[in-house]
Amino acid sequence: MTDARPEPGTQDMQDVHGPDDTDGTDGMDRALVRLADVGGFFAVRCGGEPAGGGFRTLAALYAGGPVLEEYVAEVGRRMGGADDRVAASTLQFGLAARMWSIGLGAYVLTGRVPDLDPDRVWWRLPDGQSVELWLPAPAARPGAEVGGTVLAHLAGLQETLRRRYGVSPQTLRGNSASGLVGALRELVNRLPDAGPVAAPVVTALLDDTGPLAGTGTFVYEEGLGAAFVRRSCCLYYRAPGGGLCGDCVLRTR
């Protein structure tokens, strides 16, 4: 289960920019507002706390304890009664996809990536809705750090889920890779000119020397899009009424 993605928008192609490795922080809040216009899956609120309150840092969630247990239980409930290990994998998959979408999207629009340290990113889960993200004080990092920024963000969550719920490192790395490719697909669907900027980043992360090496087979061709077959399974097929995802390794066996 991942957050529902809205229908493709009509973002102006002139908003796509090439890499710019400046590390200044000015303007990242404006860039994230522009990114939200691409689609809800790319959205992260900025500035003052949104109405309603109830936000907590992702660092507190990733530390484990009752907050994480409640979230995993809620994901399992929304999946029709999935067991905790399946729900934990799904939770991580959804958050990984969101982080990659924000990181890749900001990189395409500005050449930089927001600082996604879990202490800086806040979240809440409204009843019956997807998780909402909030950055009170957006800061920018060089675009060259897009992969490391997102992977460092996810590292603490993955370790906690491995220890607490027994989700294998292979499954968690595969989820991250699948979320990365999904973010690329969605970005190119909404911003067709984003491919030449974003695809090389994804390729470098997934190739034989990249940090996500061994997670699957990835091919990208301009005009045709991205194809990916992962070498692990996210466990969704074990949820009530679940099935195989489009990139699942079980489809090739």
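The figures that follow rest on heavy atoms only: side chains count, while hydrogens, waters and symmetry mates do not.
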Of all residues at least two apart in sequence or in a different chain, which pass the side-chain hydrogen bond (donor to acceptor under 3.5 Å, both in side chains) check with Ser168?
Thr171
So, does Arg141 use its side chain to make a donor-acceptor pair with the main chain of Thr149 at under 3.5 Å?
no
Check for a donor-acceptor pair, side chain of Arg124 on one end and backbone N or O of Gly54 on the other, with a separation under 3.5 Å.
no
Do Ser101 and Leu187 touch side chain to side chain, with heavy atoms closer than 4.5 Å?
no
Minimum-distance pair of heavy atoms, taken over all atoms of Ala140 and Arg112
CB-NH1, 3.5 Å
Please report the shortest heavy-atom distance between Ala177 and Leu206, naming the atom on each side.
CB-CD2, 3.7 Å
If you apply the rule side-chain contact (heavy atoms from CB on, under 4.5 Å), what do you find for Trp100 with Leu154, and how did you get there?
CA-CA 10 Å; Trp100 285 122; Leu154 296 172; 4.3 Å; yes
In the structure I gave you, are the side-chain heavy atoms of Leu235 and Thr90 within less than 4.5 Å of one another anywhere?
no
Those residues at least two apart in sequence (or on a different chain) that pass salt bridge (charged side-chain N to carboxylate O under 4.0 Å, His left out) with Glu49 are none
Is the side chain of Asn175 donor-acceptor paired with the backbone N or O of Ser89 at a distance under 3.5 Å, no angle test?
yes
Say whether, by atom type as modelled, one donor and one acceptor occur between the side chain of Arg120 and the main chain of Ala137 under 3.5 angstrom.
yes
Find out if a path of hydrophobic residues (ILVMFWY) with successive side-chain heavy-atom gaps under 4.5 Å connects Leu244 to Val249.
yes
With rounding to the nearest 0.5 angstrom, report the CG to CG distance, Leu104 to Leu191.
11.5 Å
Tell me whether Thr160 contacts the main-chain N or O of Gly64 through its side chain, where contact means a donor paired with an acceptor under 3.5 Å.
no
Can you check whether Ser176 reaches Thr215 side chain to side chain, under 4.5 Å on heavy atoms?
no
So how far is it from Asp29 CG to Leu135 CG, rounded to the nearest 0.5 Å?
10.0 Å
Once side-chain hydrogen bond (donor to acceptor under 3.5 Å, both in side chains) is applied, do any residues pair with Glu222, and if so which ones, sequence neighbours excluded?
Tyr220
I would like to know whether Val108 and Asp193 meet side-chain contact (heavy atoms from CB on, under 4.5 Å); could you show each step before the answer?
CA-CA 9 Å; Val108 164; Asp193 287 356; over 6 Å; no
Within the structure provided, determine whether Phe228 and Arg185 are in side-chain contact (heavy-atom separation under 4.5 Å).
yes
Quick one: side-chain contact (heavy atoms from CB on, under 4.5 Å) partners of Pro169, sequence neighbours excluded?
Arg162
Are the side chain of Ser178 and the backbone N or O of Gly174 linked by a donor-acceptor pair below 3.5 Å?
no
Which atoms form the tightest heavy-atom contact between Cys234 and Cys245, and what is the distance?
SG-SG, 3.7 Å
Indicate yes or no: at least one non-hydrogen side-chain atom of Leu91 is less than 4.5 angstrom from one of Leu157.
yes
Ring centroid separation for Trp123 and Tyr71, is it under 6.0 angstrom?
yes
Salt bridge present between Arg164 and Glu69 (N-O < 4.0 angstrom):
yes
Is there a side-chain contact between Val75 and Leu125 in this structure, where contact means two heavy atoms from C-beta onward sitting under 4.5 Å apart?
no
Taking all atoms of both residues into account, what is the closest heavy-atom pair of Val72 and Ala87, and its distance?
O-CB, 3.4 Å
What are the two closest non-hydrogen atoms of Asp119 and Ala59, and how far apart are they?
OD1-CB, 3.1 Å
Okay, side chain of Thr110, backbone of Ala31: is any donor-acceptor separation there less than 3.5 Å?
no
Roughly how far, to the nearest 0.5 Å, is CD of Glu70 from CG of Leu61?
10.5 Å
Approximate separation, where rounding is to 0.5 Å, of Arg230 CZ and Asp247 CG
6.0 Å
Any non-hydrogen side-chain atom of Arg173 less than 4.5 Å from a side-chain atom of Leu151?
no
Find out whether Arg56 and Val67 are in side-chain contact, i.e. whether some heavy atom of one side chain is under 4.5 Å from a heavy atom of the other.
yes
Looking at Gly147 and Leu205, what are the two nearest heavy atoms and their distance?
CA-CD2, 3.8 Å
Hydrophobic cluster membership, with links at side-chain heavy-atom distances under 4.5 Å among I/L/V/M/F/W/Y: are Val33 and Trp134 in one?
no
Is it the case that more than 12 heavy atoms not belonging to Glu221 sit under 6.0 Å from its CD atom?
no
What distance separates Tyr62 OH from His153 NE2, expressed to the nearest 0.5 Å?
3.0 Å
Can you tell me how far apart CZ (Phe55) and CH2 (Trp122) are? Round to the nearest 0.5 Å.
10.0 Å
Using the rule that two of Ile, Leu, Val, Met, Phe, Trp, Tyr join whenever any of their side-chain heavy atoms come within less than 4.5 Å, decide whether Val229 and Tyr236 are in one cluster.
no
Is there a donor-acceptor pair under 3.5 Å between the side chain of Arg98 and the backbone N or O of Phe93?
no
Taking only residues two or more places apart in sequence, or in another chain, which ones meet Asp117 in a side-chain hydrogen bond (donor to acceptor under 3.5 Å, both in side chains)?
none
By side-chain hydrogen bond (donor to acceptor under 3.5 Å, both in side chains), Asp84 pairs with (sequence neighbours left out) none
